[in-house]
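The next block holds one structure in the form of structure tokens; read it before the comments.
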2 protein chains.
Amino acid sequence: MTAGDSGAVLKRERVRDHILQLIESLRPGDAIPSERTLCADLSVSRPTLRAAVDELVAAGLLVREHGRGMFVAPEKITQELVSDSHGMTLPQASGTWSSRLLEFTTIAAGARVGRKLSLSPAADIVYAARLRLVDGAPMAIEHLHIRADLVPALTAQELESGDLYEHLRERHRVQVRDAVQTIEPTVVSQAEGRLLEVPHLSPALLFERLTNDTEGRPVEYVHSVYRGDRYRIVSRLTLDASHTQGTPPETGFIPGMPPGTVAQWEAAPTTPR
Amino acid sequence: MTAGDSGAVLKRERVRDHILQLIESLRPGDAIPSERTLCADLSVSRPTLRAAVDELVAAGLLVREHGRGMFVAPEKITQELVSDSHGMTLPQASGTWSSRLLEFTTIAAGARVGRKLSLSPAADIVYAARLRLVDGAPMAIEHLHIRADLVPALTAQELESGDLYEHLRERHRVQVRDAVQTIEPTVVSQAEGRLLEVPHLSPALLFERLTNDTEGRPVEYVHSVYRGDRYRIVSRLTLDASHTQGTPPETGFIPGMPPGTVAQWEAAPTTPR
DNA sequence: GGATGAAGGTGGCATAGACCAATAGAGGCG
DNA sequence: CGCCTCTATTGGTCTATGCCACCTTCATCC
């Protein structure tokens with residue numbers, strides 16, 4: 001009995017559902033049987049079982065601990081949305097942020113970054129990689145690329161403490177004004193997973209931000225990866241009159257965010273456990 | 001030479017980097033050597049090579065086509081941020097949206113949904129699952145839960161065409177006013193992958209939205225999964241005076257989104273190919 | 001000439017087995 | 001008694017191999 005034995009009922013799925021059932025009968029933190037035990041119970045090979053477990057780990061339902069075993073994940077993040085009848089209190093950003101500098105050099109921009117910053121590929125930029133932590137726990141990896149000629153005296157100290165934008169304004173006479181930011185989902189690589197202390201291929205948010213100063217010059221290009229299990233974006237949407245009373249376009253409307261919507265953002269690290 | 005031969009340099013990583021290099025020398029759509037060929041070239045087993053490729057597929061750099069081969073992904077979504085020096089034109093939402101109704105029933109709310117909508121678990125809700133398409137291509141799966149007593153005459157037709165909020169207002173006398181929405185990264189399940197036509201475990205965005213009407217009553221609870229390779233969130237951030245001149249808080253600031261930031265959203269499906 | 005179908009290549013799924021690395025616990029030694 | 005080491009267990013990685021399903025191609029047949 002191998003892969004494609006008619007029916008499209010993958011062995012992985014059967015195994016996954018079995019473990020899922022197992023999880024539901026347990027509480028967060030409880031241990032589940034070892035890989036080898038489950039293999040025997042379900043009559044599947046270990047790679048197959050691991051493939052099934054991989055899904056559950058990626059989905060955040062299970063955590064693995066090398067040498068110890070597998071455990072039901074402490075919380076399901078999708079169960080956290082608060083909505084207390086009237087006011088809708090947001091779990092406002094909590095915890096104290098800190099940074100650990102991973103790298104800090106001045107290098108040539110290169111083609112890709114140069115294009116984004118409207119610079120020659122040979123122009124110097126300050127490149128810094130920071131691990132951002134909340135209450136000591138890793139939350140994000142930030143890759144900053146800043147025009148070197150604008151901040152010739154930028155120090156490592158300034159990247160490790162305080163608000164970078166404030167340092168830019170106070171010490172370097174660079175006043176940031178606006179930015180364009182894109183957000184998309186991604187998964188963490190092995191190296192990123194190690195830094196963020198999450199399993200390989202865990203969901204994450206990828207931010208790309210291009211910041212301009214008051215003169216319209218591109219100042220920095222930031223590329224960040226935020227942990228998906230601890231970070232979420234919360235927005236309050238208000239449907240304005242032009243939409244609720246006007247003629248909404250049949251085509252081109254956006255289900256996720258209705259047109260004419262005014263949004264207020266909060267980006268909040270969610271508290272663990 | 002097996003797994004942990006000192007050095008922590010995983011074979012997978014070496015293979016991945018090799019393929020990455022290969023990708024960079026090619027253009028989108030180009031084919032890369034077959035799995036078996038690469039195995040021979042790199043002297044690794046096929047499962048190992050597949051594990052490396054899995055990462056690249058999950059990251060959206062490579063696409064696999066059963067029976068045909070592996071190809072460089074049509075676009076690298078991380079290369080699409082536009083920034084034309086002055087105005088910053090956004091690749092505004094394009095394409096025409098349509099819906100395919102997957103399910104449409106009236107059922108009891110249950111504990112979880114009931115809690116979100118401030119209803120008794122036994123109260124009836126209209127549940128609808130929709131596949132949202134852009135120019136015919138799957139973009140998202142939406143699970144809607146609407147208070148049944150507010151929309152007793154909701155039809156399948158209304159869920160398949162036009163703006164739902166408009167139908168609610170015009171036909172059902174329900175005027176939506178605001179909503180709280182959370183966005184977090186996730187990965188698609190096997191079933192979701194099939195519907196969205198993306199590989200299993202691909203990155204995706206999970207939206208949860210709770211919508212209220214003008215009287216403050218919760219109307220609908222929506223749970224949606226958007227393709228990560230075709231959908232992204234674009235925001236324009238403006239740093240206001242209170243931040244650029246005031247005293248930014250040392251702790252509690254949010255790197256992804258500076259405090260005092262005014263954001264204007266666009267949620268844009270990215271064009272394929 | 002156009003449809004048919006067999007062959008070979010490709011990715012997809014699964015197996016069995018091996019060794020490494022991290023952990024926890026049992027046992028021995030000081 | 002306390003510390004250490006040794007061992008069993010668990011997850012982590014990799015190999016080698018097989019079969020299946022899908023796609024393309026090309027030779028064949030009508």
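Every chain is numbered from 1 and lettered A, B, ... according to where its sequence line falls, protein lines coming before strand lines.
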When rounded to whole Å, the CE to P distance for the pair B/Met70 and D/dT24 reads 16 Å
Which of parallel (below 30°), tilted (30 to 60°) and perpendicular (above 60°) describes A/Tyr127 and A/His145? tilted
Tell me whether the OP1 or OP2 atom of D/dG12 has a side-chain N or O from A/Gln190 closer than 4.0 Å. no
d(NE2, A/His200; C1', D/dG11) in whole Å: 16 Å
Would you mind checking if B/Arg12 and B/Glu55 are paired as a salt bridge, meaning a charged N to carboxylate O distance below 4.0 Å? yes
B/Arg68 CZ to D/dC22 C1': how many Å, rounded? 11 Å
What integer distance in Å separates B/Arg14:CZ from D/dT13:C1'? 14 Å
In this structure, how many angstroms lie between the C1' atom of D/dC22 and the CZ atom of B/Arg64, rounded? 15 Å
For DNA chain C, determine which residues of residues 30-37 of chain B have any heavy atom closer than 4.0 angstrom to one of its atoms, and list them numerically. B/Ser34, B/Glu35, B/Arg36
Within the distance-only criterion (no hydrogens, no angle test), does the side chain of B/Asp17 pair as donor or acceptor with the backbone N or O of B/Arg14 below 3.5 angstrom? no
Within a reach of under 6.0 Å around CZ of A/Arg100, are more than 12 heavy atoms found that belong to other residues, nucleotides or ligands? no
Picking from C/dG11, C/dC13, D/dT10, which would you name as closest to the side chain of B/His66? C/dG11
Parallel, tilted or perpendicular: which one describes the rings of B/Tyr226 and B/Tyr231, with boundaries at 30° and 60°? tilted
Spacing between A/Glu65 atom CD and D/dT9 atom P, to the nearest angstrom: 20 Å
Distance, rounded to the nearest Å, where A/Leu49 contributes CG and C/dA14 contributes P: 12 Å
A/Glu35/A/Arg50 salt bridge by N-O under 4.0 Å criterion: yes
What is the distance, rounded to the nearest whole Å, between atom CZ of B/Arg12 and atom P of D/dT15? 11 Å
Closer than 4.0 Å, any side-chain N/O of A/Thr48 to the OP1 or OP2 of C/dT15? yes
Using the side-chain heavy atoms of B/Ser45, tell me which of these nucleotides is nearest: D/dA16, D/dG11, D/dC22. D/dA16
Would you call B/Glu13-A/Arg194 a salt bridge at under 4.0 Å N-O? yes
Residue B/Arg46, side-chain heavy atoms: nucleotide from C/dA14, C/dT23, C/dG12 that is nearest: C/dG12
From the set D/dC14, C/dT15, D/dG12, return the single nucleotide nearest to any side-chain atom of A/Arg50. D/dG12
On DNA chain D, compare the nucleotides closest to A/Pro47 and A/Gly67; which residue's is nearer the 5' end? A/Gly67
